[in-house]
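Okay, structure first, notes after.
Indexing begins at 1, ligand by ligand and atom by atom, following the structure's order.
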Amino acid sequence: MSELKSTPMMSQYFSIKEQYKDSILFFRMGDFYEMFFEDAEIASKVLDITLTSRNKNEDIPVPMCGIPYKAAEAYIARLISRDYKVAICDQVEDPKNAKGIVRREVVRVITPGMILEDTLLDARINNFVASISKNGEVFGLSCLDISTGTFRISETTVFEDVLDEILRIKPSEVVVSEKNKDDGDILCIKKSLGSVYFSFINDNSFSIRNSRDTLLNHFSTRSLEGFGCEDLQSGICAAGALLSYVKETQMKSLSHVTGLVPYRSSDFLIIDDSSFRNLDVFVNQRTGQKTGALIDIIDMTMTPMGGRLLRNWLRYPLVDLSQIDARLDAVDEAVRLRAEREISRNILKSVADLERLGSRITMNRCSAREFVALKRSLNALPELWMVLSTFESPLFDFQENLSDLSILADLIDQAIAEDPPASINEGGMIKEGYNSELDELISISRDGKSFLAKLEAEEKEKTGISSLKVKYNRVFGYFIEVSKAASENVPASYVRKQTLVNAERYITDELKVFETKVLNAYEERVALELAIFEDIRLEIVKHNPSILKVASFISNIDCLTAIAQVAEDNDYVRPIMNNDGIIRIEDGRHPVVEKTIDAGKYVPNSIYLDNNENQILIITGPNMAGKSTVLRQAALTVLMAQSGFFVPAARADISVTDRVFVRVGASDNLASGQSTFMVEMEETANIINNATPSSLVVMDEIGRGTSTFDGISIAWAIVEYLHDLSASGVKTLFATHYHELTELDAIKPRVKNFNIAVKEWNDEIIFLHRLVEGGASRSYGIQVARLAGIPHEIIARSKKILTNLESGSHDLRSVSQGTQARMQKQSRPRQLELFRKPENVVVEILKGIDILSLTPLEALNKLSELKEKIRDIR
Ligand code: ADP
């Protein structure tokens with residue numbers, strides 16, 4: 001490569017590339033971004049563009065490819081989506097003024113977390129970069145969305161909490177110290193996040209001193225007391241390192257990041273990632289789409305920022321009764337004040353995404369169009385404020401003074417054209433009448449047009465050439481064109497500039513003078529417009545903190561009024577919150593399933609849970625009866641209530657829960673090479689280890705992924721464990737097709753049986769979808785198989801086998817020996833005997849004890865465990 005360094009431009013390239021080795025370098029040359037060497041080879045493949053070469057005729061040609069700078073956005077998006085980092089290297093001086101080679105600098109590095117462009121972002125989803133620090137036992141966690149300025153900080157000593165929280169944040173990029181690259185915990189987080197982009201940065205940024213300094217400098221404060229996070233040492237390491245990383249890659253001040261919000265995961269209802277996904281809140285698991293997910297039905301917000309907040313409310317439901325009630329009070333009022341709500345929502349339609357607008361404007365990635373959008377939004381405020389003054393709930397009350405923002409809106413109105421161009425380098429942004437110098441420059445170019453028309457007419461007359469035209473192109477500037485035939489008649493003062501097949505082109509002195517004047521005027525105009533644009537931009541930046549306050553207030557209003565609208569449209573009711581441990585849902589519905597079936601066909605169901613006799617409901621019923629639906633509807637109702645939503649029920653009393661666990665179905669996680677059963681057991685272990693007496697556990701068909709015998713045993717033991725948890729038990733809905741489990745209600749005082757009713761009719765079953773007390777008597781598997789289209793012969797044969805099995809006279813000669821052995825082993829009487837008789841359980845346990853390996857304390861515990869097992873035997 002040494003020969004290549006001989007050209008000044010290539011040596012400039014090498015010195016810049018040296019600093020951005022891990023990025024694809026977009027090297028600006030005129031109207032193109034060029035890539036060289038390996039970057040070119042990668043980019044040409046990923047972007048599907050032609051790979052060419054520079055210095056073709058030399059011994060070592062340089063592979064290169066390029067893209068027009070105007071189309072860069074889409075190409076960058078493609079590279080980012082394939083996990084490449086892109087460094088944008090621009091020309092930072094006007095080539096005209098350059099002495100020698102044009103100065104170039106990297107102005108921005110783009111990674112998945114560093115995107116600001118609306119076209120590349122999902123308007124309703126935050127785009128977080130997260131950072132994790134590890135100081136001894138304490139993990140620090142921070143996340144920042146540079147497109148909105150949202151910045152949070154947290155810490156914990158429990159690894160599982162970090163994992164849960166990072167999955168809840170769902171970052172598009174994670175920043176970690178290089179030092180922790182091979183740390184087991186970090187590797188585990190990386191694996192759980194799948195394809196999320198990880199940036200490993202120098203450990204210095206994570207030192208407590210540097211990170212704290214970064215934060216103090218950024219916020220211009222002397223301590224972090226004001227943000228309430230001075231004592232979060234590990235959190236500060238994560239937040240400071242994150243901020244310095246973002247600043248370094250963006251090379252901007254990030255003045256729109258105005259606060260740092262500390263939080264603990266326990267300040268909110270904890271619902272782990274897999275439980276949350278099992279409820280299909282944001283995405284329908286089966287289809288991977290938003291359609292069929294809860295959000296599709298309950299997000300009726302009008303603004304993108306409202307949409308983001310609504311998601312945040314659902315992902316971080318509240319656990320403080322008074323906070324939940326405050327939100328519900330506000331929604332309640334918005335339900336009652338229907339007219340005001342509708343007017344407000346109508347006004348919100350014209351409010352743009354102020355958070356992202358503000359971020360783009362402060363980071364100087366905007367055009368005058370953003371200013372106009374800001375003005376229109378600000379102009380909508382007075383009317384909105386007037387409507388909101390009718391509301392009494394404090395959440396509708398905006399304390400700040402808005403007069404500064406209306407002055408800002410006026411300034412934009414006076415200066416910026418109503419429909420400005422998308423580019424800031426072509427003029428046309430500033431209204432006439434705003435700046436007299438600019439007006440003069442504009443009139444020169446405008447007068448120029450009439451001057452040219454006049455000149456053309458005069459020259460035509462003077463020369464008698466009717467085909468004569470005055471034209472312009474970028475290479476020659478202004479010229480006079482006459483047809484070949486007429487070219488003999490041009491005056492001597494015409495200087496030939498170019499010969500075409502059918503025409504000749506000339507310039508004249510007069511035209512040259514004119515051109516200089518007009519072109520200069522145009523250039524001056526563009527420069528002046530840019531300067532005015534920059535003045536206004538800085539004025540907006542000054543007001544950005546107020547704009548962000550308004551944005552935050554409006555997001556809240558948007559959510560509250562949207563929730564009220566959803567409540568009215570779908571006939572939801574206000575949940576009555578309590579701290580008494582009672583969950584009573586009367587005539588509840590599943591908010592998504594009720595939409596997928598014919599109107600009026602949904603069968604509402606009631607559920608009552610408390611900490612006494614109704615703590616664990618064992619729900620049996622054939623497949624397709626509606627067990628999963630009733631389970632999820634209960635969990636969703638609790639989640640919605642604590643997020644501040646009205647709920648789909650006739651009445652709902654909801655005791656505030658600290659955690660909701662939802663373990664449903666057996667979904668294979670083949671990608672990670674785990675078996676169905678393994679995933680099921682891991683998720684169950686999570687519940688067992690983390691559930692508290694204030695949690696709600698929802699378990700569907702646990703133990704299905706293994707043999708019947710194992711399955712029943714595990715399911716049985718889990719119910720027992722949940723029943724005895726912390727000596728008070730945990731509220732649980734447990735759906736199962738193992739009828740044996742219905743026997744638990746005889747043994748455990750807080751267990752109750754329910755089933756989903758079906759009706760038999762002419763050997764067919766009709767699903768009633770109604771939850772009723774008592775255990776199901778049969779599983780109706782054969783009838784369900786028939787409904788699913790299993791051929792008649794198989795159905796008839798299985799019926800026969802079933803009858804024989806039930807009467808104990810099944811002819812085992814017709815089945816293989818292996819199957820015979822298994823069927824005998826798993827035969828019903830033995831299972832029932834085992835689960836009915838605690839003394840048998842005790843014998844089993846005694847058989848398994850190795851006395852020599854027990855400590856006296858363990859022996860004592862074992863004895864007490866055995867005693868507990870036979871407690872109910874008189
Ligand atoms: P299970 O878990 O018992 O196999 P599901 O809960 O998956 O059954 O329900 C099966 C189907 O029955 C659902 O897709 C839905 O169409 C219908 N269904 C469930 N519950 C109800 C209900 N309460 N009212 C009307 N239809 C229901």
[atom]: the protein heavy-atom neighbour that sits closest, reported with distance to 0.1 Å:
atom: atom 8 (O) of ligand 1; answer: G626 N, 3.1 Å
atom: atom 15 (C) of ligand 1; answer: V593 CG1, 4.0 Å
atom: atom 13 (C) of ligand 1; answer: T629 OG1, 4.2 Å

Evaluate [X] for polar contact with ligand 1, using N/O atom pairs at a separation under 3.5 Å.
X: I597; answer: no
X: A625; answer: yes
X: V603; answer: yes
X: K627; answer: yes

Which atoms from ligand 1 have a heavy atom of [X] less than 4.0 Å away?
X: S628; answer: 1 (P), 2 (O), 6 (O)
X: K601; answer: 25 (C)
X: N623; answer: 4 (O)

### Query
Residues two or more places apart in sequence or in another chain: which of them pass ring pair (Phe, Tyr, Trp, His ring centres under 6.0 Å) with Y602?
none

### Message
For the residue pair R311 and F282, would you count it as a cation-pi contact if the rule is NZ or CZ under 6.0 angstrom from the ring centre and within 45 degrees of the ring axis?
### Response
yes

With heavy-atom distances below 4.5 Å as the criterion, would you say the side chains of [X] and [Y] are in contact?
X: S172; Y: F128; result: no
X: I607; Y: L771; result: yes
X: I583; Y: I654; result: yes

### Task
Grab the two heavy atoms, one from V647 and one from M640, that are nearest each other, plus how far apart they are.
CG1-CB, 4.1 Å

### Task
May I ask which of H769, R589, E594 has a heavy atom nearer to atom 26 (N) of ligand 1 than the others do?
H769

### Task
For atom 1 (P) of ligand 1, state which one of H590, M624, E701 supplies the nearest heavy atom.
M624

### Query
Can R336 and E333 be counted as an ion pair, charged N to O under 4.0 angstrom?
no

### Message
Quick check on the 6.0 Å ring-centre criterion: do Y316 and F268 meet it?
### Response
yes

Could you pull out every donor-acceptor pair under 3.5 Å between side chains of residues 321-329 and any protein atom, sequence neighbours left out?
from, atom 1, to, atom 2, distance (Å)
S322, OG, D320, OD1, 2.5
R327, NH1, S643, O, 2.8
D329, OD1, R574, NH1, 2.9
D329, OD1, R574, NH2, 2.8

### Query
Hey, is P622 one of the residues with a heavy atom under 4.0 angstrom from ligand 1?
yes

